[in-house]
Amino acid sequence: MDGNGRWAQRRGEGRTSGHRAGSRSVRKIVRLCRRIGVEALTLYAFSFQNWNRPDHEVESLMGLLTEFLIEERQAILDNGIRLEAIGELDQLPSTVRAVLDALRAESAHNDDMVLTLALSYGGQEEIARAAQALAREVAAGNLSAEDIDVDALRARIPSISDVGEPDLIIRTSGEQRLSNFLLFGSAYAELYFSSRLWPDFGADDLFAAIASFQGRERRFGLVLERDAKAASR
Ligand code: FPP
């Protein structure tokens, strides 16, 4: 969800105003995804590297996150949404952690959509943690080094062990990189880059991304049956 800062700057406003507008976009897009039947939506709301932003910006993001969790609680519960969170959650302020954990528990039995917030999240950090977990299991004698394969890692990567690997990753604001998002799970994800700044990202932009996804051929490293037949003629 990139471009909040630039959105505010273009209006001569402070970055907090951009994040506030970004938070309104979050609410719109979550509702829309729920309505059109998206089963899993993961939002990169705060990266592990974002802790290095100025204190007041980090505080304002934590405030907006808390506000979101409190104000959207009922809508999340009423709409069958299960709230999840991934990342180094121990680093979050205890106030945020309390509302987050409460809503995760309250919504745990919902199964119409999984909304995962990536908070204090880094894809490299997530892979490193999975490697640590595997190393501990080997050290304890519960696993042999030869058993460490892609499936063993996959089972210990929280961003995909629960909701699976992402089909489509959308990045806004014209930047064309993953910036440490879902690195393991993105192996075969379709990538879509929108030039729209996140606060301006709306229904038309989401539908354009989905239409682009629907027009793509996903091969997962294989040859499509159609092409194999044509080649053998
Ligand atoms: C990147 O834009 C965005 C973020 C670091 C934070 C995303 C947060 C929100 C959308 C609002 C709060 C979240 C929730 C879930 C309610 P940037 O600041 O890097 O923008 P810039 O590249 O234009 O400076």
Side-chain angles (χ1 to χ4, degrees), residues 1-34 38 40-77 79 81-89 91-93 95-104 107 113-123 125 159 163 169-182 192-203 205-206 209:
M1 299 186 287
D2 200 9
N4 295 349
R6 275 162 285 170
W7 184 90
Q9 198 179 20
R10 284 179 196 176
R11 293 164 177 248
E13 295 170 11
R15 297 181 60 81
T16 301
S17 138
H19 292 314
R20 187 164 288 286
S23 176
R24 288 194 289 273
S25 270
V26 167
R27 295 173 197 223
K28 261 190 313 199
I29 296 297
V30 170
R31 281 180 167 71
L32 197 54
C33 284
R34 172 70 184 85
V38 169
L41 174 67
T42 300
L43 297 173
Y44 202 5
F46 193 86
S47 78
F48 188 68
Q49 286 66 32
N50 285 158
W51 290 116
N52 296 320
R53 291 196 176 195
D55 287 351
H56 62 87
E57 183 167 349
V58 170
E59 275 163 32
S60 100
L61 283 166
M62 292 299 135
L64 286 169
L65 180 62
T66 311
E67 230 173 75
F68 170 81
L69 293 167
I70 293 172
E71 291 174 6
E72 296 298 314
R73 174 183 165 274
Q74 204 55 54
I76 286 174
L77 296 175
N79 284 283
I81 298 174
R82 173 157 65 88
L83 184 84
E84 262 310 333
I86 50 168
E88 307 281 324
L89 304 180
Q91 300 209 4
L92 294 172
T95 45
V96 177
R97 195 62 205 268
V99 275
L100 178 68
D101 288 347
L103 192 48
R104 283 168 85 184
S107 66
M113 176 169 123
V114 185
L115 170 62
T116 305
L117 299 179
L119 299 170
S120 186
Y121 175 85
E125 287 75 10
S159 59
V163 292
I169 295 182
I170 301 172
R171 182 176 184 144
T172 58
S173 90
E175 308 294 348
Q176 301 196 1
R177 54 178 178 269
L178 284 176
S179 296
N180 212 8
F181 188 51
L182 304 185
Y192 182 86
F193 300 103
S194 165
S195 57
R196 200 79 73 198
L197 302 177
W198 174 251
D200 291 328
F201 190 85
D205 302 304
L206 180 69

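Values below: all heavy atoms of this structure, side chains included; hydrogens, waters and symmetry mates excluded. For ligands, and for the atoms within them, numbers begin at 1 and follow the listed sequence.
- For the residue pair S17 / R11, no side-chain donor-acceptor distance below 3.5 Å is found, with atom types taken as modelled.
- At a threshold of 4.5 Å between non-hydrogen side-chain atoms, the residues F48 and Q91 count as touching.
- Within the listing of ligand 1, atoms 5 (C) sit less than 4.0 angstrom from a heavy atom of N50.
- For a threshold of 3.5 Å applied to N or O pairs, the pair formed by G5 and ligand 1 contains at least one separation below that value.
- The nearest pair of heavy atoms linking L83 to L69 is CD2-CD2, 3.7 Å.
- Within a 6.0 Å sphere centred on CZ of R196, other residues, nucleotides and ligands contribute 12 heavy atoms or fewer.
- Residue contacts with ligand 1 include S23, since one or more of its heavy atoms lies under 4.0 Å from the ligand.
- Contacts of E67 with ligand 1, taken as heavy-atom pairs under 4.0 Å, are absent altogether.
- Nearest to atom 7 (C) of ligand 1 among the protein's heavy atoms is A45 O, 3.5 Å.
- Close contacts of ligand 1 with H19, meaning ligand atoms under 4.0 Å from a residue heavy atom, involve 11 (C), 18 (O).
- Of the candidates R15, M1, R10, Q49, the one placing a heavy atom closest to atom 1 (C) of ligand 1 is M1.
- Contacts between W198 and ligand 1 below 4.0 angstrom, taking non-hydrogen atoms only, involve the side chain exclusively.
- With hydrogens and angles left out, the side-chain atoms of S173 and W198 include no donor and acceptor closer than 3.5 Å.
- Each of the following atoms of ligand 1 lies closer than 4.0 Å to a heavy atom of L61: 6 (C), 8 (C).
- Residue contacts with ligand 1 for R53 involve side-chain atoms from C-beta outward but no N, CA, C or O (heavy atoms, distance under 4.0 Å).
- Protein heavy atom nearest atom 10 (C) of ligand 1, with residue, atom name and distance: N4 ND2, 3.5 Å.
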Give the table of side-chain donor-acceptor pairs shorter than 3.5 Å for residues 60-68, with sequence neighbours excluded, one pair per line with atom names and distance.
unit_1	atom_1	unit_2	atom_2	d
S60	OG	E57	O	3.4
T66	OG1	M62	O	2.7
E67	OE1	R20	NH1	3.4

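- Side chains of S179 and R171 form a contact here, defined as non-hydrogen atoms less than 4.5 Å apart.
- You'll find the side chain of Y121 stays beyond 4.5 Å of the side chain of N180, heavy atoms only.
- Nearest protein heavy-atom contact of atom 14 (C) of ligand 1 is V26 CG2, 4.1 Å.
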